[in-house]
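A quick write-up on the structure given underneath.
This structure is a prediction, so every number in the text was calculated from the model and none was measured.
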Amino acid sequence: MTTKHTVSMQDFKALTKQAGLRLTQKELEQLKPLYEKALDIMAPLHAIDFGETETASFYNPAQMPKVQL
Amino acid sequence: MATTPLHYLTIAEASRLIQGKKLSPVELTQAFLDRIDKLDGKLATYITLTADIALAEAKKAEADIARGTYKGSLHGIPIALKDNYGTKGIRTTAASRVLADNVPAADSTAWARLKAAGAVLLGKLTLSEFACGGPDPETGFPMPRNPWDLTRNAGGSSNGSAIAISAGLCMASMGTCTRGSIRAPASFCNVVGLKPTYGRISRNGVIPLSWTLDHCGPMTATVEDAAIMLGATAGHDPADPTSSAAPVPDYRAALKPDVRGLRIGVPRHFYFPDRPDVQREPLRIADAALRKLEQMGARVEEIEIPSLKYSDPAALVLLLGEGFAYHQRKLLATPELYGPIDRTEFRVASLFTLGDYVQAQRARSLLQKEYLEALKTYDLIAGPSFAIVAPAWDGPPGMAVSTAPSFTGMYNLTGLPAISVPAGFTPGGLPSGLQLAGKPFDEATVLRAAYAYEQATDWHKKRPPL
């Protein structure tokens, strides 16, 4: 893996605030490198064109209780 | 004359003695309680020991059997459960302060089925907090030590289960697996860990981590015992809408020590990489095991599954993303109740985007397609169970956010059945497993191949130096 994602502390603070996290400055500084590492790990998911591939999850009507018509 | 100590009997061996009234369930249960008393102070596997309940259940089993009511191979057999399996009236903590006082009102379906089969509950075993990542010493819960080397742990998350079986502190356990949490500790402790097909065993009553990736599965000393436990727990459950109505075959009857003609595909490009975060010894051990299977008559061939490069990122997003969704309210309100590993990683997941999640599910779709295509030609896909041997306690903490490759997560993503079976030891005496995966709901072939390999080797008979 060669990509190294970095996020500015200002942007990172905004992201965490939007997510509802209330973090101290120390917690922000500890969390940011892990988030950047996660971005590196996830990068291949966004680098590929999946074409017509659908999502794996699907809804199975057979699992629903029988409906009286 | 029995030479095996009672605590190292397999379920199959003990059940024959119990059925023949040559061994009392009470004597067997007491043997485990004595061993727990002797060793668990240093191994730290039990969160809750249910000694009184265990002895009462054992006495009832003994009385039932004396009256001629023998329920089958699990009657009177002492087992323990990973402490995310709900047990009615018995504390179920998921090794977290968040659930320190949680007492379920109902049994999980898997435990209810084992109980109905006559199993005796010794207690609830420690795990990584909420089954996520490696053991976190700051949760305040028991930090289990690997019996093969007390300076090491058993990874996660079903670490207590793997250690307890290996050390003779229970005869079998039920674990859960989201990205390898059954197979990794099994590999680190020289026991058998089976993650069945998704939906094979009901997840009702088990505290979730990721609904997409979670599986329940047995952890045992032998493959035959895994077949027994699977047979007792598998089957549709109306309380779990993802559980399958696929018929449950007699897994034990399908065990034959014969792999002649079985075709085994090995994605060497993924499982045998040349990179510093993959240790050489697990690969050497797995390679030797594959050569053994070839000598036994299996056809082992190299194959390509190109989408495996998306397995780690997809599993990361789904595991942590769904885990965060489950914990969101409590995490945001009382983050201090979580250990630092879970707290940090769920916080990272709170920043994942919808696009990350959808792409992960699309990657999963591609991976499923490629695996099912490969399984049209091959009966099994094989490789090492894990990229490393048991981690040291003074090493870096086990994190889900890791660049090290997972050799197990792809089978959670695809839902295919996969087993880790003991396959050898490093020169330093640490165990490592061989992983065999198969077609959907074809646990019978997975178990048969694992059984054949196991019976042709002695790895599973080795005991830790306790």
Between B:E322 and B:Y326, does any side-chain donor sit less than 3.5 Å from a side-chain acceptor?
no
May I ask you to name which of B:V317, B:L366, B:D356, B:L367 has the most heavy-atom pairs under 4.5 Å with chain A?
B:D356
Tell me which of these, B:L413, B:L316, B:L331, has more heavy-atom pairs under 4.5 Å with chain A than the rest.
B:L316
Under a 4.5 Å heavy-atom cut-off, does chain B meet the side chain of A:I48, its backbone, both or neither?
both
Pairs touching residues 10-35 of chain A that satisfy salt bridge (Lys or Arg N to Asp or Glu O under 4.0 Å), sequence neighbours left out
A:E27-B:R347, A:K32-A:E36
So CZ of B:R179 and CG of B:D312: to nearest 0.5 Å the spacing works out to 6.5 Å
Centroid-to-centroid, B:H327 to B:Y338, below 6.0 Å?
yes
